[in-house]
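Atoms within a ligand are numbered from 1 in the order they appear, just like the ligands themselves. Start at 1 with the first residue, then count along the sequence.
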Amino acid sequence: MQEFDATSLALPGIRELQPYQAGKPIEEVERELGISNIVKLASNENPLGVSHAVKQALAKKITELARYPDANGFYLKTALAEKFAIETNQITLGNGSNDVLELLARTYVTDQHEVIFSQHAFMVYPLVTKAIGAKPVAVPAKDYGHDLDAMLAAITDKTRMIFVANPNNPTGTFLTTEALQAFIAKVPKNILVVLDEAYYEYVPSDVRAPSFSWISEHSNLIVTRTFSKAYGLAGLRAGFAVSNAKVADLMNRIRQPFNMNELALTAAMAALGDEEFLEHSIQVNAEGMAQVTAFCDARGLSYIPSHGNFITIRFGSEAAAINQKLLQKGVIVRPVAGYELPEHLRVSIGLPEEMDAFYRAYDEIIAEQSGG
Ligand SMILES: *Cc1c(COP(=O)(O)O)cnc(C)c1O
């Protein structure tokens with residue numbers, strides 16, 4: 001019998017891909033374990049939910065969804081340009097920033113190229129690299145973070161792109177403005193530097209790198225941001241890249257014309273204007289971070305100091321077992337074994353009551369262990 005050979009006819013890079021492992025959805029855990037009142041601290045979402053201003057804007061749009069969205073996202077780009085002192089022609093909108101990361105790779109990387117990123121960095125970098133058939137070059141981390149000197153040393157004449165996440169996910173590590181600036185200046189101009197700033201808003205304003213302002217000097221620099229984290233819109237999928245206008249023009253040629261849908265455009269606009277919600281989100285995160293580190297210190301748990309809205313805690317060889325027990329108690333956190341961190345679990349900073357559920361569950365697990 002003749003059959004379509006689905007595996008061997010697929011592109012070699014795609015054949016070898018492992019699917020992205022997302023945080024477990026609440027509904028899935030409810031279904032599988034038959035429990036309710038679940039707390040999800042697994043995907044670095046904003047625990048405050050969707051802001052009131054966004055909800056209002058979305059409600060108004062609901063009747064207009066029979067129309068295609070504005071393919072150029074005029075209003076959102078105008079608002080972004082105004083807010084960040086950039087030009088609209090520097091912006092590429094994406095169905096989440098994952099979308100623009102992929103567009104970048106597809107615009108510039110071929111199967112003859114190498115793409116550099118750090119060990120323990122975001123899984124999407126090797127994913128988009130391998131899908132093209134390019135060679136992923138994971139540079140060993142230093143103190144769980146990017147070793148920028150080693151990344152420079154990994155450059156060859158085949159290198160076309162370097163991904164840098166700042167702060168990094170899943171480690172929360174952070175590179176200073178000085179370190180980043182020195183690094184970018186040393187990268188040859190035929191290699192793109194993609195600076196992924198998904199957690200930018202959580203970095204205190206006096207330490208944030210003025211990364212957009214570097215693009216005029218470094219035409220090979222691309223900065224990506226997202227509405228999924230501090231802006232609270234993970235479910236809608238909205239992100240963007242800021243680059244030199246020529247790079248943006250090329251990326252805009254291959255993106256799907258309506259890659260950012262009407263609700264995402266509307267919500268992103270409203271979220272951008274809601275400074276109060278953003279500030280509140282940052283505040284809640286800072287308080288939660290102070291509390292969770294105090295909890296870890298009190299329990300003798302070590303953790304990677306984090307600049308994001310999550311913390312990666314070392315539970316040792318018990319990490320996988322603790323993850324299972326937390327799940328059974330209705331607390332979803334994120335295993336990071338796939339990031340070469342098998343002894344750690346990543347915990348997103350939730351609302352105080354959600355964090356309490358995590359603390360309680362952990363203490364119960366330890367009490368049950370010592371109780372025999
Ligand atoms: C969450 C995250 C993103 C954002 O992804 P979206 O597609 O915008 O939801 C990008 N990079 C890193 C490192 C992240 O952790």
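The closest approach between any non-hydrogen atom of S228 and ligand 1 is below 4.0 Å. Taking 4.0 Å as the cut-off, D196 counts as a neighbour of ligand 1 on heavy-atom distance.
Close N/O approach between S97 and ligand 1 is found [any backbone or side-chain N/O within under 3.5 Å]. The N/O atoms of N95, backbone and side chain alike, include none that comes under 3.5 Å of an N/O atom in ligand 1.
Shown here are the side-chain contact (heavy atoms from CB on, under 4.5 Å) partners of M251, two or more places apart in sequence or in another chain: T92, V100, L103, L104, T107, A241, V247.
Close approach of ligand 1 to R237 (heavy-atom distance below 4.0 Å) involves ligand atoms 6 (P), 7 (O), 9 (O). Below 4.0 Å from some heavy atom of N169 lie the following atoms of ligand 1, by number and element: 13 (C), 14 (C), 15 (O). Less than 4.0 angstrom separates some heavy atom of K229 from each of these atoms of ligand 1: 1 (C), 2 (C), 3 (C), 4 (C), 14 (C), 15 (O). Taking every heavy atom of A198 and a limit of under 4.0 angstrom, the matching atoms of ligand 1 come to 2 (C), 3 (C), 10 (C), 11 (N), 12 (C), 14 (C).
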Cut-off 3.5 Å, no hydrogens considered: what does the side-chain donor-acceptor table look like for residues 136-150, sequence neighbours left out?
residue, atom, partner, partner atom, Å
H146, NE2, A165, N, 3.2
D147, OD1, D149, N, 3.4
D147, OD1, A150, N, 3.1

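With respect to E27 and K40, no salt bridge is recorded, no charged nitrogen being found less than 4.0 Å from a carboxylate O.
Compare F122, Y199, Y125 by their heavy atoms: the one nearest to atom 15 (O) of ligand 1 is in Y199.
Aromatic ring centres of F163 and F117 lie farther apart than the 6.0 Å criterion allows.
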request  = Start with the C-alpha gap between D99 and N259, add the side-chain angles, then the distance that decides, and say whether side chain to side chain donor-acceptor pair (under 3.5 Å) holds.
outcome  = CA-CA 8 Å; D99 188 24; N259 65 336; 2.9 Å; yes
task = Under the side chain to side chain contact (heavy atoms under 4.5 Å, CB included) rule, what do R346 and V333 come out as? Steps first, then yes or no, please.
result = CA-CA 6 Å; R346 192 191 69 191; V333 300; over 6 Å; no
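Between F212 and F84, the ring-plane angle classifies as perpendicular under the 30° and 60° cut-offs.
With respect to atom 5 (O) of ligand 1, the closest heavy atom belonging to the protein is N98 ND2, 3.2 Å.
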